[in-house]
K.L.:
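Take a look at the following structure, please.
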Amino acid sequence: MSKNSQPKTPQAIRGTQDIFGPDAEAFAFVVETFERVRKLYRFRRIEMPVFEKTEVFARSLGETTDVVSKEMYSFDDRGGESLTLRPEFTAGIARAYLTNGWQQHAPLKVGTHGPLFRYERPQKGRYRQFHQLDAEIIGAAEPQADVELLAMADQLLKELGIEGVTLHLNTLGDGDSREAWRAALIDYFSAVKDELSEDSQERLEKNPLRILDSKDRRDQRFLADAPKIDAFLSDDARAFFEAVTSGLDAAGVQWVRAENLVRGLDYYRHTAFEFIPDQGSAAAEALGSQSTILGGGRYDGLMESLGGPATPAVGWAAGIERLAMLVGDRSEPRLEAMVLVENDAGMSAAFQLLAQLRAGGIVADIMATGSPKKRYDKAVKQQPQHILRVDERGYHGISGEGDTSRIVKAVNAAPTSPRT
RNA sequence: GCGAUCGUAGCUCAGUUGGUUAGAGCGCCGGUUUGUGGUACCGGAGGUCGCGGGUUCAAACCCCGUCGAUCGCCCCA
């Protein structure tokens with residue numbers, strides 16, 4: 001077949017990743033560490049659908065949020081129903097909690113991880129198919145739940161070896177506190193509307209809280225004097241936040257108050273938090289402008305937006321890609337034994353030897369391609385700890401440095417033991 | 001959705017004011033040498049210069065479009 005009659009190779013979808021090698025090892029390390037820590041805190045594993053009815057996200061996240069209004073992968077299925085690839089975990093978990101009657105398990109601690117989808121401009125640490133870890137405590141109104149959830153996040157980051165990252169903590173108050181604060185912010189910023197950035201003039205209509213974390217200098221000079229949530233907190237909301245902070249102190253979780261930290265999605269109440277790299281840290285350098293590696297908060301209003309009973313809950317999500325960028329190089333498992341087949345007549349002996357090694361828990365591979373004279377060089381390039389030579393006479397020797405006892409033990413279990 | 005930079009071999013990259021048959025290193029395949037923990041040398045395969053159009057006697061190079069990547073804005077984890 002001539003070359004130009006071959007079909008063109010399709011390209012990968014924009015914003016998707018084919019992860020391989022050290023990057024894939026780092027990704028796996030993040031997930032494995034999360035799974036280990038999850039069990040320490042007795043969060044139960046759940047597996048969730050990758051798609052839901054569109055309304056699950058539209059109703060819970062808020063119709064006007066960017067995620068819903070322009071970032072969702074939505075489509076009609078063959079039955080004409082509008083479905084959406086999940087842009088986040090929380091809404092789907094809330095739906096599952098309601099439709100499966102998981103109230104019987106409340107308070108329910110769950111964790112999961114997997115791919116999410118948002119139609120965004122790809123950038124460092126931001127993809128259209130991305131992956132998150134997720135942890136939620138549903139049906140727990142007490143501030144202890146917030147503390148436990150944050151302690152888990154803090155331990156996770158420590159066990160990943162990530163340093164130079166600090167918990168930024170805020171409260172949005174209860175529903176009434178939040179609304180009063182929001183109204184005060186609108187008043188305050190409306191008075192200087194013409195001096196705000198174009199983006200913030202738009203935020204004033206759609207999401208005034210977001211003006212508080214604007215990076216634009218034109219906005220920032222108004223932030224110091226902007227109304228603070230503390231002035232609008234009810235006594236209960238203030239007591240709740242104090243219980244969270246004192247609990248964190250007792251648990252040894254470092255945190256800083258971030259009065260301007262808000263959440264983008266409508267369903268958040270009370271506790272809001274993000275783990276953010278410290279200014280000038282290696283972590284901040286590695287992440288570029290996508291700086292939040294783990295974020296979340298309390299979402300006491302979410303269940304009602306899905307037609308369920310009022311159900312308090314708190315949760316967080318963390319970007320696996322962003323965490324993987326911070327955990328450093330993760331090498332693939334060390335090759336302990338390379339079986340060098342010196343000529344093709346030794347192939348059967350090689351397979352037998354390999355089977356014995358692997359059954360004995362030895363990381364082993366085979367080198368049997370290319371000219372016999374080059375095989376040794378190619379084997380060496382794989383940097384095995386030991387090279388086991390095989391030819392038509394069978395296994396006949398091992399070379400390499402360090403302890404060979406495990407390998408010898410595995411080999412001696414073979415029907416044909418080495419001559420030496 | 002907006003802006004900037006960039007697309008040359010499997011990888012990392014050269015390629016002069018536009019000028020013969022587009023190069024190097026690494027990797028891959030083979031040979032010679034070496035002869036058992038990363039030898040040296042020789043040779044080979046591999047590119048419609050992202051894709052499409054335009055300017056020109058002549059385009060990897062200039063212009064337009066498009067797709068993609070990267071980095072910001074926005075959004076968010």
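Every heavy atom of this structure was used, including side-chain atoms; hydrogens, water molecules and symmetry mates were not. Just so it is clear: chains get the letters A, B, ... in the order the sequence lines come, proteins before strands, and each one is counted from 1.
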K.L.:
From CG of A:Asp199 over to C1' of B:G3, roughly how many Å is that when rounded to an integer?
P.N.:
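Going from A:Asp199 (CG) to B:G3 (C1'), I get 12 Å.
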K.L.:
Tell me whether the side-chain N/O atoms of A:Arg322 come closer than 4.0 Å to OP1 or OP2 in B:C76.
P.N.:
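No, because none of the side-chain N or O atoms of A:Arg322 sits under 4.0 Å from OP1 or OP2 of B:C76.
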K.L.:
Please work out if A:Gly125 contacts a base, only the sugar-phosphate, or nothing of the nucleic acid, heavy-atom cut-off 4.0 Å.
P.N.:
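A:Gly125: base contact, heavy atoms under 4.0 Å.
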K.L.:
Considering only the P atoms, how many Å lie between B:G27 and B:U20, rounded to the nearest integer?
P.N.:
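Per the computed distance, 31 Å lies between those P atoms.
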K.L.:
Considering heavy-atom distances to RNA chain B, does A:Arg126 or A:Tyr119 have its closest nucleotide positioned more toward the 5' end?
P.N.:
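Result of the comparison: A:Tyr119.
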K.L.:
How long is the line joining CG of A:Asp213 and C1' of B:C73, in whole Å?
P.N.:
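Atom CG in A:Asp213 sits about 14 Å away from atom C1' in B:C73.
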K.L.:
How about OH on A:Tyr119, more than 12 heavy atoms from neighbouring residues, nucleotides or ligands closer than 6.0 Å, or not?
P.N.:
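Open.
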K.L.:
Surrounding NZ of A:Lys228 (heavy atoms of other residues, nucleotides or ligands, distance under 6.0 Å), is the total greater than 12?
P.N.:
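Correct, the count exceeds 12.
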K.L.:
Any side-chain N or O of A:Arg121 under 4.0 Å from OP1/OP2 of B:G72?
P.N.:
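Looking at the OP1 and OP2 atoms of B:G72, neither is under 4.0 Å from any side-chain N or O of A:Arg121.
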K.L.:
Expressed as a whole number of angstroms, how long is the span from A:Leu209:CG to B:C76:P?
P.N.:
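One finds 11 Å between P of B:C76 and CG of A:Leu209, rounded.
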K.L.:
Expressed in whole Å, how much space separates the C1' atoms belonging to B:A9 and B:C49?
P.N.:
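Rounded to whole Å, the distance is 10 Å.
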K.L.:
Categorize A:Arg375 for me: base, sugar-phosphate, or nothing, with a 4.0 angstrom heavy-atom threshold over every strand shown.
P.N.:
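The residue A:Arg375 makes no contact with any strand.
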K.L.:
In whole Å, what separates the C1' atom of B:A22 from that of B:A77?
P.N.:
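Comparing C1' positions in B:A22 and B:A77 gives a spacing of 45 Å.
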K.L.:
Report yes if the distance between the aromatic ring centroids of A:Phe222 and A:Phe189 is under 6.0 Å, otherwise no.
P.N.:
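No, the ring centres sit 6.0 Å or more apart.
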K.L.:
Take A:Ala318 and A:Ser214, find for each the nucleotide of RNA chain B with the closest heavy atom, and name the residue whose nucleotide sits nearer the 5' end.
P.N.:
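Nearest-nucleotide comparison on RNA chain B picks A:Ser214.
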K.L.:
Using the ring centroid of each side chain, check whether A:His131 and A:Phe27 are separated by less than 6.0 Å.
P.N.:
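Aromatic pair counts; centres sit under 6.0 Å.
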K.L.:
If you look at every strand shown and take non-hydrogen atoms under 4.0 Å, does A:Lys215 touch a base, only sugar-phosphate, or nothing?
P.N.:
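The residue A:Lys215 makes sugar-phosphate contact but no base contact.
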K.L.:
Could you give the distance separating B:U16 and B:C75 at their C1' atoms, to the nearest angstrom?
P.N.:
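Comparing C1' positions in B:C75 and B:U16 gives a spacing of 45 Å.
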K.L.:
Want to know the stems of RNA chain B: at least 3 consecutive Watson-Crick or G-U pairs with distances under 3.5 Å, which are they?
P.N.:
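Looking at RNA chain B, the stems formed by three or more consecutive pairs are B:1-7 with B:67-73, B:10-13 with B:23-26, B:28-32 with B:40-44, B:50-54 with B:62-66.
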K.L.:
Using a heavy-atom cut-off of 4.0 Å across all strands, would you classify A:Arg14 as base, sugar-phosphate, or nothing?
P.N.:
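Sugar-phosphate, no base atom in range.
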K.L.:
If you look at every strand shown and take non-hydrogen atoms under 4.0 Å, does A:Gly15 touch a base, only sugar-phosphate, or nothing?
P.N.:
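Counting heavy atoms under 4.0 Å across all strands, the contact made by A:Gly15 is with sugar-phosphate only.
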K.L.:
Between B:C67 and B:G53, how far apart are the C1' atoms? Round to whole Å, please.
P.N.:
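One C1' to the other, the span is 15 Å.
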K.L.:
Measure CD/A:Glu71 against C1'/B:C73 and give the value in whole Å, please.
P.N.:
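Interatomic distance, CD of A:Glu71 to C1' of B:C73: 14 Å.
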K.L.:
Is the NZ or CZ atom of A:Arg298 both under 6.0 Å from the centre of the six-membered ring of A:Tyr268 and within 45° of that ring's axis?
P.N.:
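No, A:Arg298 does not sit over the ring of A:Tyr268.
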K.L.:
Whole-Å distance between B:A77 P and A:Leu157 CG?
P.N.:
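In whole Å, B:A77 P lies 15 Å from A:Leu157 CG.
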K.L.:
What are the two closest non-hydrogen atoms of A:Thr64 and A:Ser69, and how far apart are they?
P.N.:
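Between these two residues, the closest heavy atoms are O-OG, 4.1 Å.
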K.L.:
Take the protein atom CD of A:Glu88 and the nucleotide atom P of B:C75, then report the distance between them rounded to whole Å.
P.N.:
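Distance check: A:Glu88 CD to B:C75 P gives 17 Å.
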K.L.:
Walk along nucleotides 34-41 of chain B from 5' to 3' and tag each nucleotide B, S or - by protein heavy-atom contact under 4.0 Å, base first, then sugar-phosphate.
P.N.:
-BBBB---
K.L.:
Between B:A77, B:G72, B:C75, which nucleotide has the shortest distance from any of its atoms to the side chain of A:Lys124?
P.N.:
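The answer is B:G72.
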K.L.:
Rounding to an integer number of angstrom, what distance separates B:C29 and B:U39 when you compare their P atoms?
P.N.:
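To the nearest whole Å, 15 Å.
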K.L.:
Any base atoms under 4.0 Å from A:Lys378, or only sugar-phosphate, or nothing? Heavy atoms, all strands.
P.N.:
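Sugar-phosphate only.
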K.L.:
Check A:Asp230, A:Thr245, A:Thr171 against A:Arg257 for a side-chain hydrogen bond (donor to acceptor under 3.5 Å, both in side chains) and give me the one that passes.
P.N.:
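Per the side-chain hydrogen bond (donor to acceptor under 3.5 Å, both in side chains) rule, the option paired with A:Arg257 is A:Asp230, out of A:Asp230, A:Thr245, A:Thr171.
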K.L.:
Using whole Å, what does the distance between atom P of nucleotide B:C11 and atom CG of A:Asp18 come to?
P.N.:
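Spelled out: CG on A:Asp18 to P on B:C11 is 13 Å.
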K.L.:
Calculate the interatomic distance between A:Phe20 atom CZ and B:C11 atom C1'; express it in whole Å.
P.N.:
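Distance, rounded to whole Å: 12 Å.
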K.L.:
Can you tell me if A:Glu163 has over 12 outside heavy atoms packed within less than 6.0 Å of its CD?
P.N.:
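No.
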K.L.:
Distance between the P atoms of B:A24 and B:G47, in whole angstroms?
P.N.:
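Nearest-Å result for B:A24 against B:G47 at atom P: 15 Å.
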K.L.:
Taking only the C1' atom of each, what is the distance from B:G23 to B:G31 in whole angstrom?
P.N.:
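About 24 Å, rounded to a whole number of Å.
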K.L.:
Counting only heavy atoms not in A:Arg334 (residues, nucleotides, ligands), do more than 12 fall under 6.0 Å from its CZ?
P.N.:
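Above 12, so yes.
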K.L.:
Above 12 or not: heavy atoms from other molecules or residues under 6.0 Å from CZ of A:Phe51?
P.N.:
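For A:Phe51, atom CZ is not crowded (no more than 12 foreign heavy atoms under 6.0 Å).
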K.L.:
Would you name the heavy atoms of A:Ile137 and A:Lys109 that are closest together and state the gap between them?
P.N.:
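Smallest interatomic distance, heavy atoms only, reads CG1-CG, 4.0 Å.
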